[in-house]
**Student:** 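Shown below is the structure under consideration.
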Amino acid sequence: MEEIKKADFVERFRVLLVRIDVAFHVMAALLLLVSCSFIFYYAILNIVDPSRDSVIHLVNDVLLALIILELLWTVIRFLKKQKFILAPFLAIGIIAAVRRILLIEAQTSYMAHVPFEKMYEIGLSAVVVIILMAAYYMSVKAQKLEQ
């Protein structure tokens with residue numbers, strides 16, 4: 001009898017933890033939407049007041065919004081109890097690396113002499129993009145083999 005009470009308590013505690021986990025995921029999704037809204041608001045402000053810097057900030061903001069939206073899709077997949085897939089995280093990494101390359105290029109476009117550190121950073125980001133693209137290709141192949 002005591003064994004049944006203990007198992008019932010454990011099951012109720014597990015259900016409570018799952019509900020709390022789902023509530024936190026819902027809050028995270030809402031906060032991601034709010035942050036994406038703010039980013040788009042600032043992107044629109046960059047369109048309204050166009051300049052060389054505002055175009056750079058616009059591209060940067062749009063890429064950051066794409067990263068946040070990919071994270072949001074991951075949370076949505078969790079809430080729908082769908083299978084975990086690696087592709088969104090690889091896409092986030094690729095977008096982040098491209099975003100970094102574009103930002104460095106924009107910063108160095110004003111410089112008369114580009115420091116070697118910036119060139120190394122661009123090269124490293126390009127290598128990261130290539131590696132992540134290869135990983136994406138392999139994950140898609142593995143997914144097809146799994147089915």
**Student:** Would you name the heavy atoms of F89 and L71 that are closest together and state the gap between them?
**Tutor:**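 That would be CE2-CD2, 4.4 Å.
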**Student:** Taking S54 for its side chain and D49 for its backbone only, find out whether a donor-acceptor pair lies under 3.5 Å.
**Tutor:**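 Yes, the answer is positive, given that a donor and an acceptor are paired below the 3.5 Å cut-off.
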**Student:** Does Y42 share a hydrophobic cluster with I39, counting links as ILVMFWY side-chain heavy atoms below 4.5 Å and allowing steps through other members?
**Tutor:**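 Shared cluster, no.
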**Student:** Please report the interatomic distance CZ(R14) to CG(L17), rounded to the nearest 0.5 Å.
**Tutor:**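 Result: 9.0 Å between the selected atoms.
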**Student:** Is the F116 ring parallel, tilted or perpendicular to the H113 ring (thresholds 30°, 60°)?
**Tutor:**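 Rings of F116 and H113: perpendicular, as their planes differ by over 60°.
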**Student:** Give a yes or no answer on whether the side chain of R77 reaches the backbone of K83 with a donor-acceptor pair at less than 3.5 Å.
**Tutor:**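 Indeed, once roles are kept as given, a pair shorter than 3.5 Å links the two residues.
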**Student:** Please round to the nearest 0.5 Å and tell me the distance separating atom CG of L124 and atom CZ of R100.
**Tutor:**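 Output value for this atom pair is 11.0 Å.
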**Student:** Does I104 belong to the same Ile/Leu/Val/Met/Phe/Trp/Tyr cluster as V62, with side-chain heavy atoms less than 4.5 Å apart forming each link?
**Tutor:**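 No; tracing contacts between hydrophobic side chains, which count when under 4.5 Å, never links both residues.
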**Student:** Rounded to the nearest 0.5 Å, what separation is found between the OG atom of S125 and the CD1 atom of I94?
**Tutor:**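 Going from the OG atom of S125 to the CD1 atom of I94 covers 12.5 Å.
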**Student:** Is it the case that one hydrophobic cluster holds both M133 and L102, taking links as side-chain heavy atoms less than 4.5 Å apart, direct or via other members?
**Tutor:**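 Yes.
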**Student:** If we only count heavy atoms from C-beta on, is the K118 to Q107 side-chain gap below 4.5 Å?
**Tutor:**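 Answer yes - side chains close enough.
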**Student:** Quick check: is L58 connected to I56 through a chain of hydrophobic side chains (ILVMFWY, heavy atoms under 4.5 Å apart)?
**Tutor:**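 No, I56 and L58 fall in different hydrophobic clusters.
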**Student:** Would you check if P50 and V55 make a side-chain contact, meaning some heavy-atom pair closer than 4.5 Å?
**Tutor:**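 No. Closest side-chain heavy atoms not under 4.5 Å.
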**Student:** Side chains of E70 and L66, heavy atoms from C-beta outward: is any pair under 4.5 Å?
**Tutor:**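 When only atoms from C-beta onward are counted, L66 and E70 do not touch, as no gap falls below 4.5 Å.
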**Student:** Find out whether D61 and F40 are in side-chain contact, i.e. whether some heavy atom of one side chain is under 4.5 Å from a heavy atom of the other.
**Tutor:**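 Contact flag for D61/F40 side chains = no.
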**Student:** Quick one: CG on L103 to CD on E121, what's the gap to the nearest 0.5 Å?
**Tutor:**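 The distance works out to 9.0 Å.
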**Student:** Heavy-atom count around M27 CE within 6.0 Å, excluding the residue itself: above 12?
**Tutor:**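 For M27, atom CE is crowded (more than 12 foreign heavy atoms under 6.0 Å).
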**Student:** Is there a side-chain contact between F78 and D21 in this structure, where contact means two heavy atoms from C-beta onward sitting under 4.5 Å apart?
**Tutor:**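 They are in contact (side-chain heavy atoms under 4.5 Å apart), so the answer is yes.
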**Student:** Among I131, L132, I130, which residue meets the side chain to side chain contact (heavy atoms under 4.5 Å, CB included) test with V128?
**Tutor:**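 Checked I131, L132, I130 against V128; only one passes side chain to side chain contact (heavy atoms under 4.5 Å, CB included): L132.
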**Student:** Minimum heavy-atom separation for C36 to I68, with atom names?
**Tutor:**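 Shortest heavy-atom separation between C36 and I68 comes out as CB-CG2, 4.1 Å.
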**Student:** For V75 and H25, which heavy atoms make the closest approach, and how far apart are they?
**Tutor:**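 Result for this residue pair: CG1-O, 3.3 Å.
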**Student:** Hydrophobic clusters here meaning ILVMFWY residues chained together by side-chain heavy-atom distances under 4.5 Å, can you tell me if I76 and I67 are in one?
**Tutor:**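 Both belong to a single hydrophobic cluster.
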**Student:** Do V22 and R19 have side chains that approach each other closer than 4.5 Å (heavy atoms only, starting at C-beta)?
**Tutor:**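 V22 vs R19: side chains apart.
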**Student:** If every non-hydrogen atom of Q143 is compared with every non-hydrogen atom of I85, which pair is closest and at what distance?
**Tutor:**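 Reported closest heavy-atom pair: NE2-CG2, 3.4 Å.
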**Student:** Can you measure from NZ (K141) to OH (Y136) and round to the nearest 0.5 angstrom?
**Tutor:**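 OH of Y136 is found 12.5 Å from NZ of K141.
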